[in-house]
4 protein chains.
Amino acid sequence: MPKRDREATRARLLEAARLRFAREGYDATSVRDIAGDVGVDATLIFRYFGSKKGLFDEVTADIPRDLLDGPPEELVARMLESVVFADWTTYGGEHPLVAMLRSSAHEEARQRIRKEVCDTYVRALEDLARGEDAQLRAELLSAWLVGIGILRSVVATPALAQAGAGDLAPHVQSVASALLGRPMSGNSGMSGQDLAEDDPRSGSEG
Amino acid sequence: MPKRDREATRARLLEAARLRFAREGYDATSVRDIAGDVGVDATLIFRYFGSKKGLFDEVTADIPRDLLDGPPEELVARMLESVVFADWTTYGGEHPLVAMLRSSAHEEARQRIRKEVCDTYVRALEDLARGEDAQLRAELLSAWLVGIGILRSVVATPALAQAGAGDLAPHVQSVASALLGRPMSGNSGMSGQDLAEDDPRSGSEG
Amino acid sequence: MPKRDREATRARLLEAARLRFAREGYDATSVRDIAGDVGVDATLIFRYFGSKKGLFDEVTADIPRDLLDGPPEELVARMLESVVFADWTTYGGEHPLVAMLRSSAHEEARQRIRKEVCDTYVRALEDLARGEDAQLRAELLSAWLVGIGILRSVVATPALAQAGAGDLAPHVQSVASALLGRPMSGNSGMSGQDLAEDDPRSGSEG
Amino acid sequence: MPKRDREATRARLLEAARLRFAREGYDATSVRDIAGDVGVDATLIFRYFGSKKGLFDEVTADIPRDLLDGPPEELVARMLESVVFADWTTYGGEHPLVAMLRSSAHEEARQRIRKEVCDTYVRALEDLARGEDAQLRAELLSAWLVGIGILRSVVATPALAQAGAGDLAPHVQSVASALLGRPMSGNSGMSGQDLAEDDPRSGSEG
DNA sequence: GATGAATGAGCTTTCATTCAT
DNA sequence: TATGAATGAAAGCTCATTCAT
C-alpha cells in the first residue's frame with residue numbers, strides 16, 4: 001500500500017492544516033501541531049508541500065465555490081447561506097474567508113482573500129447590478145456579507161450569533177434589492193429548511 | 001525631548017506596539033521588533049508592561065471612541081467616516097477594529113473586539129432603531145460598517161479602496177435609514193473635506 | 001536623617017540577604033528579591049556592597065561564633081545545641097553552615113565553609129582531643145555535627161527532625177567522649193530548657 | 001559509535017548533565033552548557049527529556065545502590081567506602097548525595113535526597129540496630145557518614161581529605177558498633193586496596 | 001523514498017549591572 | 001549622594017527546516 005498511503009496521508013495533512021489554520025491562524029499554528037493531529041512525522045509536510053507556506057497555499061487554494069449554480073435572483077440568498085449557515089466544520093465552523101482574515105498579516109493570505117472576494121462575490125453581484133457604479137455597489141453588498149460572517153462567528157454579537165435564516169433573509173433581501181436595483185428573492189430550496197430557526201452554529205465546535 | 005524619560009519611552013513603546021500589532025498581528029510581532037522600532041532595549045517592555053500580553057492589552061484598551069458626540073441622525077455618517085476615512089495612521093492605516101481581527105486567534109483579542117463592537121457600534125445604533133428586532137438590525141448595520149472597513153483596507157477591493165466620501169455616503173444613508181426605520185442624514189461637516197477623493201490609504205506605510 | 005538611614009538600610013539589606021541566601025542559595029536569589037524584601041531600589045546593593053558577590057561575602061563573613069565561651073567539657077554539647085537547637089531564624093531556620101552548603105557550587109562559598117568548620121569546630125575540638133591523630137578525630141566529630149544538622153533540617157529524616165535535646169545528648173556525649181579520648185558532659189545550662197521536646201524547627205518559617 | 005544514534009546521544013547528555021549538576025548545582029548549570037559538553041544542540045535536551053527539570057529528575061533517579069549486597073556486619077564499612085572511597089568520577093568526584101545537596105534549594109532535590117538517605121542508609125542501619133530508639137541511632141549514624149562525605153569532599157578539611165581507608169575504618173567501626181549496639185567489622189575485601197593511602201580525590205577533576 | 005536525529009535562529013523573559021540626572 | 005531609566009548577556013524553550021541513514 002505505498003501509493004495510496006501517500007495520497008491518503010497528504011489528504012489528511014491538508015485536512016488537519018485547514019482546520020488549524022482556520023481556527024488559530026497561520027502564525028499560531030505549528031507544523032508539529034498539524035503533523036501531530038494526523039499522527040505522522042512533521043518532516044512529511046516538507047516532503048509533500050515544500051514548506052509551511054506551501055501547505056498554507058495549498059490549503060487556501062481550494063475553497064469551494066458553487067454559488068453560481070442556481071437562479072440569479074437567489075444569488076444573494078445563496079451567498080448569505082454560504083456565509084452564515086453552511087456547514088464549515090472542516091474550517092473550524094467559520095466561513096473560509098472569515099477564517100482566513102486571521103492570517104491576514106501575511107500578504108499572501110491577503111491576496112488569496114482578495115481574489116476570492118473579487119472572483120466569487122463581487123463579480124457575480126456586479127453582473128446583477130444595474131446603473132452607474134455597479135462595481136461599488138457589488139462591493140458594498142459583498143462587504144455586508146463578509147461583515148455579517150465576522151460579527152456572527154468571530155465577534156459573536158448576541159443577536160446575530162443566534163439569528164436563524166428566517167430572521168436574516170428579509171433584511172438581506174430588501175437591502176440587496178435596493179443596492180442592486182433589482183428585486184432579489186429568497187432561496188426557495190434553502191437546504192430544505194428555509195425558515196429554520198435552530199441554532200445555525202450547531203456542529204461547528206469541537 | 002530628554003533621553004531618560006520614563007513616560008516618553010513608555011509612550012513611544014506603546015506607539016510602536018500599536019503599529020506592529022495592527023499591521024502584523026500579535027504572533028508575528030516580537031518584543032524585540034517593538035523595542036527596536038523605538039531604539040531601546042526590549043527589557044523595558046517587561047519593566048513597563050509586565051509582559052508582551054500586558055503591552056498588547058494596554059494597546060488595545062485605549063481605542064478612541066468619540067462617535068456619540070454630535071447629532072444622532074448623523075451617527076451612521078460619523079461611523080462610516082471613522083471606519084473608512086479617519087486617519088488611522090497610528091494603527092497602520094486601518095481601523096483598530098479591523099486591525100485587531102488579525103490577532104483574533106487569541107481569545108483575549110476576540111473579547112476586546114466584541115466589547116468594542118457591542119459597546120461602541122451596536123448599542124449606539126440600537127438606540128436609534130425602531131421596531132421589533134432593533135438589536136438585530138443594529139448588528140446588521142454594524143456588520144456592514146465592519147465589512148466595509150475590511151474590504152476597503154484588508155482586502156482592498158478596487159472600487160471601495162478608491163471610493164471617496166461622496167461615493168459611499170448616499171448608499172450608506174439610504175440603507176441605514178431603511179434598516180433603522182428612520183431617516184439618517186450625511187455628516188455635513190465631515191472634516192471639511194466632504195467629497196475628498198484622495199487615496200484613503202495614503203500615509204499608512206512607513 | 002541621612003547618615004543613620006544609610007546604615008539602617010544597609011543593615012536591612014544584609015538581613016534580607018542572609019535569609020534569602022540561606023533559604024534559596026546564591027544562584028536562586030536575585031538582587032531584586034533582596035531589595036524588594038527591604039523595599040528599596042536594587043541599585044543600593046551595588047552602591048553599598050559593590051556586587052551581588054560582595055553582598056554574599058559580607059553576609060557569610062559574620063557568622064556568630066561564641067562556642068568557646070564556657071567549660072571545655074561542655075564544648076560538644078554547646079556545638080550540638082548550636083547546630084540543631086539554636087534559633088537560626090535569621091538564617092531561615094538552619095545553621096548557617098548547613099545553609100551555606102546550598103551555595104557550595106561557588107568556590108568562594110566553599111572557602112567560607114571550610115574556614116568556618118576548621119576555625120570554629122575542628123580547631124576547638126582538636127585542642128581537646130588526646131593521642132596520635134587528634135586532628136582526624138576532631139574532624140570526624142565535626143563531620144558528625146554537620147551531618148546531624150543536615151539530616152535534621154535539609155533532609156529532615158523523621159527521627160532526627162523530631163528529636164529533642166534529651167534524645168540526642170546522651171548519644172552525642174558518649175561518642176564524643178570515645179572519639180576525643182576524654183569524658184564530655186552535657187550542657188547544664190542549655191538555654192534553660194535542657195530536655196525540651198518541643199518542635200525545634202518552630203519559628204523558622206515566615 | 002555512529003553519529004545519529006538517539007540512545008547514544010541521550011546517554012551522553014545524561015552523563016554530561018550528571019557531572020554538571022553535581023559539580024555546579026541545578027541553577028548554575030545551563031542546558032546549553034550540557035549540550036555543549038556533548039557537542040550537540042541544546043534542543044535535543046527538550047526533545048529527549050522535556051525540560052531541564054525533566055533531565056535533572058532523570059539524572060537523580062538512577063543513583064546506584066548496591067550496599068545491601070554482602071554480610072550485614074560489614075554494612076557500615078561498605079557505606080563508608082561508598083561515601084568516601086568509591087569512584088564517583090561520573091558525579092564530579094563526590095558522592096551523589098553530597099553533590100545533590102548543592103541543589104537543595106529546590107524542594108524536588110530535597111525529596112530525592114530524603115528518599116535516598118532514608119531508603120538506602122537509615123532503613124538498612126535500622127535493621128541492624130538493637131534497642132529502643134533504633135531509628136534515631138540509625139539516623140545518627142547516617143548523619144555521620146553524610147557529614148564525613150561533606151567534610152571530605154566539599155569542605156575538604158585537611159586530615160579527612162587525605163585520610164585513607166585504614167585511617168578511618170577503626171574509628172568508624174567502633175562508633176558504629178557503639179551506636180548500633182552490636183559489633184561491626186571492617187570490609188575485608190575493600191576493593192582490594194584495603195589500606196590504600198593515595199589521594200582519594202584523584203581522577204575527579206576534568 | 002521514508003524516517004527521525006539534528007540543527008540554528010528566534011522567541012519571551014530575567015539577570016546583574018551601569019549610567020545619566 | 002541617591003534615584004531609576006536603561007542596558008546587554010544569557011536563561012529556558014519552540015520554531016521551521018535539513019540531512020544522514
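Numbered from 1 within each chain, the chains take letters A, B, ... in sequence-line order.
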Looking at A:Ala16 and A:Asp37, what are the two nearest heavy atoms and their distance?
-> CB-CB, 3.9 Å
Is D:His106 reaching over with its side chain to a backbone N or O of D:Glu108, donor-acceptor style, under 3.5 angstrom?
-> no
First encountered from the 5' end of DNA chain F, between B:Arg47 and D:Asp33 = B:Arg47
Which atom of C:Val98 lies closest to which atom of C:Ser153, heavy atoms considered | CG1-OG, 3.8 Å
Which pair of heavy atoms, one from D:Tyr91 and one from D:Val59, lies closest together, and at what distance?
-> OH-O, 4.4 Å
With no angle test and no hydrogens, is the base of E:dG8 tied to the side chain of D:Thr43 by a donor-acceptor pair under 3.5 Å?
-> yes
side-chain contact (heavy atoms from CB on, under 4.5 Å) between D:Glu116 and D:Ile63, worked out = CA-CA 8 Å; D:Glu116 174 70 11; D:Ile63 300 176; 3.8 Å; yes
Which is true for D:Phe49 with a 4.0 Å heavy-atom rule: it touches a base, it touches only sugar-phosphate, or it touches nothing?
-> nothing
Along DNA chain F (nearest heavy atom to each residue), the more 5'-positioned of D:Asp27 and B:Leu44 = B:Leu44
For the side chain of D:Ser51 and the base of F:dG12, is some donor closer than 3.5 Å to an acceptor across the two?
-> no
Would you indicate what A:Tyr48 reaches in the nucleic acid, counting non-hydrogen atoms under 4.0 angstrom: base, sugar-phosphate, or nothing?
-> nothing
Quick one: B:His106 NE2 to E:dT12 P, roughly how many Å, whole number?
-> 11 Å
Under 3.5 Å, is there a donor-acceptor pair linking the side chains of B:Arg110 and B:Ser104?
-> no
Can you tell me how far P of F:dT3 sits from CZ of C:Phe46, to the nearest Å?
-> 16 Å
Assert: residue with more 5' nearest nucleotide on DNA chain E, out of A:Asp41 and C:Gly50, is A:Asp41
By nearest nucleotide on DNA chain E, pick out whichever of B:Val31 and C:Tyr26 is the more 5' one.
-> B:Val31
Parallel, tilted or perpendicular: ring planes of D:Phe56 versus D:Tyr26, cut at 30 and 60 degrees | perpendicular
Under-3.5 Å donor-acceptor pair between B:Arg4 side chain and E:dC19 base | yes
Using a 3.5 Å cut-off on both pairing distances, which stems of three or more Watson-Crick or G-U pairs include DNA chain F?
-> E:2-21 with F:2-21
